[in-house]
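Okay, structure first, notes after.
Throughout, protein chains are lettered first and strands after them, A, B, ... in sequence-line order, and every chain is numbered starting at 1. Below, each value reflects all heavy atoms present in this structure, side chains not excepted, and no hydrogens, waters or symmetry copies.
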Number of protein chains: 4
Amino acid sequence: MNKGALAKEEIVSVAADVIRSKGYQSTSINDILVSSGIGKGKFFHHFKTKHDLGIAVVDRYIDTWKTRMIEEILQGDFPAKTRILHMLEETLGSFQNSNVKKGCPFGNLAIEMSEHDASFRERIASFFHEWAMALSETLKDANLIPEDRAYDYAEHIISSIEGAILIAKVKQTSKPIENTVSILKNTLLHQRSISHE
Amino acid sequence: MNKGALAKEEIVSVAADVIRSKGYQSTSINDILVSSGIGKGKFFHHFKTKHDLGIAVVDRYIDTWKTRMIEEILQGDFPAKTRILHMLEETLGSFQNSNVKKGCPFGNLAIEMSEHDASFRERIASFFHEWAMALSETLKDANLIPEDRAYDYAEHIISSIEGAILIAKVKQTSKPIENTVSILKNTLLHQRSISHE
Amino acid sequence: MNKGALAKEEIVSVAADVIRSKGYQSTSINDILVSSGIGKGKFFHHFKTKHDLGIAVVDRYIDTWKTRMIEEILQGDFPAKTRILHMLEETLGSFQNSNVKKGCPFGNLAIEMSEHDASFRERIASFFHEWAMALSETLKDANLIPEDRAYDYAEHIISSIEGAILIAKVKQTSKPIENTVSILKNTLLHQRSISHE
Amino acid sequence: MNKGALAKEEIVSVAADVIRSKGYQSTSINDILVSSGIGKGKFFHHFKTKHDLGIAVVDRYIDTWKTRMIEEILQGDFPAKTRILHMLEETLGSFQNSNVKKGCPFGNLAIEMSEHDASFRERIASFFHEWAMALSETLKDANLIPEDRAYDYAEHIISSIEGAILIAKVKQTSKPIENTVSILKNTLLHQRSISHE
DNA sequence: TATGAATGAGCATTCATTCAT
DNA sequence: CATGAATGAATGCTCATTCAT
């Protein structure tokens with residue numbers, strides 16, 4: 001029945017993994033065919049171009065992380081401070097073991113594709129923006145940051161995390177992520193309000 | 001006389017630019033041939049493989065930034081706090097205008113190449129380590145961070161910067177860098193000592 | 001009832017248009033699917049192969065032109081000279097505007113397919129033969145050409161027209177057709193008998 | 001020394017043959033590689049694209065025929081009437097045997113490519129124009145056609161020839177060409193002046 | 001009948017690299 | 001040292017056709 005649809009989802013899922021490891025441009029369609037055990041015809045039946053697949057993969061990343069990070073955690077039912085802690089812990093948990101080497105799906109594509117292709121760039125920029133908005137709201141809820149600084153501070157937290165994942169990737173250890181998460185926790189939670197200092 | 005040597009440097013210089021914009025893997029040898037106006041023979045006379053060129057480019061990036069960031073600024077003659085400010089301002093200055101879109105040469109290659117090629121990864125990891133070491137020393141000199149936290153804090157500052165450059169690249173505005181530099185400045189310099197909080 | 005049959009005719013009709021513009025080999029089955037809004041299954045239900053469709057298109061061209069040119073005009077009720085004039089005027093009228101660029105359905109396929117495929121070639125050759133036969137009879141009726149030269153002369157008139165359409169196509173103007181029709185008219189009708197000169 | 005140049009010419013020469021037989025679009029680059037015994041790299045070293053090769057082939061056809069038909073025959077040293085006879089005989093001679101089936105290189109591409117590609121079309125249109133111009137001058141020299149009708153009549157002669165080659169191709173016999181040449185000869189040479197009748 | 005998913009051979013093109021000169 | 005011709009594997013993609021439903 002919806003076998004076709006399922007098949008397409010499976011290709012995206014396999015491709016998401018491969019692309020996260022190898023990058024979009026270095027991933028050949030053949031890589032995906034081999035990884036998923038399908039033929040060329042099937043692939044191009046579902047995706048008009050490789051670019052189409054790339055976009056489907058990005059959209060899938062965004063769906064997943066928006067649900068997990070933004071909706072379930074940042075906009076969840078816990079007290080604001082707790083939600084922020086959960087976000088940091090979730091980050092930490094997501095980049096252990098083999099995932100350290102793979103890096104952040106968004107950060108990877110942000111760097112690889114921003115100059116090549118606007119449709120990748122815009123999607124990723126918009127995801128980071130939505131994340132920063134949600135975090136900004138939570139920071140305000142927690143009374144940790146004055147309203148007019150909240151977005152900037154949220155963006156800084158997110159970029160710190162991305163940077164930590166980048167350094168972790170090149171060092172092949174999750175230490176930089178733990179480090180940054182710990183510093184962010186301290187800075188955020190052991191002070192009444194950051195800008196008062 | 002050293003025309004050959006000079007020519008080689010010029011190729012590396014041109015390639016450094018192209019690779020920073022397009023990435024290493026998406027840069028074809030032909031791209032470099034066209035940009036530098038040389039022929040295939042000359043190229044392969046100087047570089048046994050494309051990989052050789054890539055490494056030469058990374059080494060050149062490292063040379064440049066080590067001199068500028070580490071030796072001239074972090075290990076310069078100004079008071080420690082001033083040196084840190086200079087480092088942040090230098091960062092800000094380096095990623096204005098068209099450079100925002102190009103991103104950080106190290107960050108770009110760190111993400112693109114870490115999983116593909118150990119010789120790129122190790123060089124970049126080692127550069128980030130040296131930078132963190134130098135910054136760590138300066139933080140200690142400035143009495144801003146307790147000795148045992150200095151390296152971690154230095155690495156966090158550096159990864160924050162890398163993350164900000166990444167977000168700036170995908171958003172195509174230097175705002176995230178200004179933002180992070182401003183927050184780092186505040187956090188570092190308007191407090192007696194970070195860890196006391 | 002005959003919905004299936006009707007549908008088949010419609011496909012042939014759409015395909016005839018597309019093939020006249022793009023040529024047989026450059027027309028993909030997908031082109032026809034898109035132009036006619038049908039699915040692959042339906043197409044291959046009606047035509048076992050693309051070749052089948054091609055033949056159906058040629059047969060349709062032949063049907064149409066045989067009716068129009070041969071039966072209605074050349075074998076019609078007007079005096080022989082008038083019938084020839086009508087044929088020339090019909091030709092002129094058929095290759096105005098966008099049809100100039102599309103060229104002659106038979107001439108196009110004659111050139112494209114003669115060396116590739118005997119079944120196309122034979123059909124087209126046979127159409128040209130029937131046309132020449134009918135014109136030959138008319139020339140004899142009109143007492144314009146001696147019996148033994150009539151077929152050759154008819155074939156020459158037809159090939160002149162085909163050549164004019166060819167030149168018109170490449171020049172993207174109907175001028176060469178007007179030109180040839182006018183010369184043929186003069187040569188044929190302003191002389192008592194061509195071979196007497 | 002000029003081995004490279006020679007090699008390129010040889011590819012064009014082989015390709016000209018293959019394309020004349022199979023058409024441009026149906027000729028795959030692999031066909032040309034097989035026919036000429038070269039590798040892909042060599043081919044794409046000389047021609048940036050298949051289209052480049054196609055244009056080179058057309059230009060070669062034009063060079064050859066311009067020299068043979070226009071410069072050597074129509075603009076040669078014989079009396080005007082003789083030159084026209086030579087042109088017709090040259091045509092006849094060129095389309096005997098296997099060449100009947102291949103058809104006219106210009107006519108073939110005119111029909112195949114006019115709607116696909118302007119650079120083919122324009123080159124061919126311009127060749128036919130130059131041919132008509134040269135023939136027009138010769139007709140005037142021979143006092144066969146009044147000045148103001150000369151170009152139109154020249155174009156008609158040429159299109160008659162093209163049409164005859166087309167019909168010959170689809171019938172697989174050179175008879176239609178002989179036929180048209182004979183009729184053209186009669187019409188042109190056994191009358192004092194065509195328009196006087 | 002009809003759908004559209006799947007097949008896989010084939011296509012034009014790119015690319016890092018080698019090699020004769 | 002340098003040239004640029006040549007190599008051939010690999011890439012993204014198209015296409016006529018088949019097949020399960």
Rounded distance in Å - CZ (B:Phe47) to C1' (E:dA16): 15 Å

Complementary nucleotide of F:dA20, counting Watson-Crick and G-U pairs under 3.5 Å: E:dT3

Geometric class of the B:Phe106/B:Phe127 ring pair [parallel <30°, tilted 30-60°, perpendicular >60°]: parallel

Distance in angstrom units between B:Asp52 CG and E:dA16 C1', rounded: 13 Å

Short side-chain N/O contact to F:dA6 OP1/OP2 from D:His46, under 4.0 Å: yes

A:Ser28 and A:Asn30 side chains, donor-acceptor separation under 3.5 Å: no

B:Ser36 OG to B:Asp17 CG distance, which is reported to the nearest 0.5 Å: 11.5 Å

B:Leu33 CG to E:dT17 P, straight-line distance once rounded to whole Å: 13 Å

Interatomic distance, C:Leu53 CG vs F:dT17 C1' [rounded to whole Å]: 14 Å

For A:Phe47, ring pair (Phe, Tyr, Trp, His ring centres under 6.0 Å) partners two or more places apart: A:Phe43

Donor-acceptor pair, side chain of C:Lys169 and main chain of C:Lys102, under 3.5 angstrom: yes

Donor-acceptor under 3.5 Å (C:Tyr24 side chain, C:His51 main chain): yes

Please write out the pairs of protein N or O atoms and N or O atoms of nucleotides 11-14 of chain F separated by less than 3.5 Å, giving the distance to one decimal.
residue, atom, partner, partner atom, Å
F:dG12, OP1, A:Lys50, NZ, 3.0
F:dG12, OP2, A:Ile29, N, 2.8
F:dC13, OP2, A:Lys50, N, 2.6
F:dC13, N4, A:Lys40, NZ, 2.7

Contact under 4.0 Å: B:His45 side-chain N or O vs F:dT3 OP1/OP2: no

Protein-nucleotide distance (D:Ile32, atom CD1; E:dA12, atom C1'), rounded to Å: 11 Å

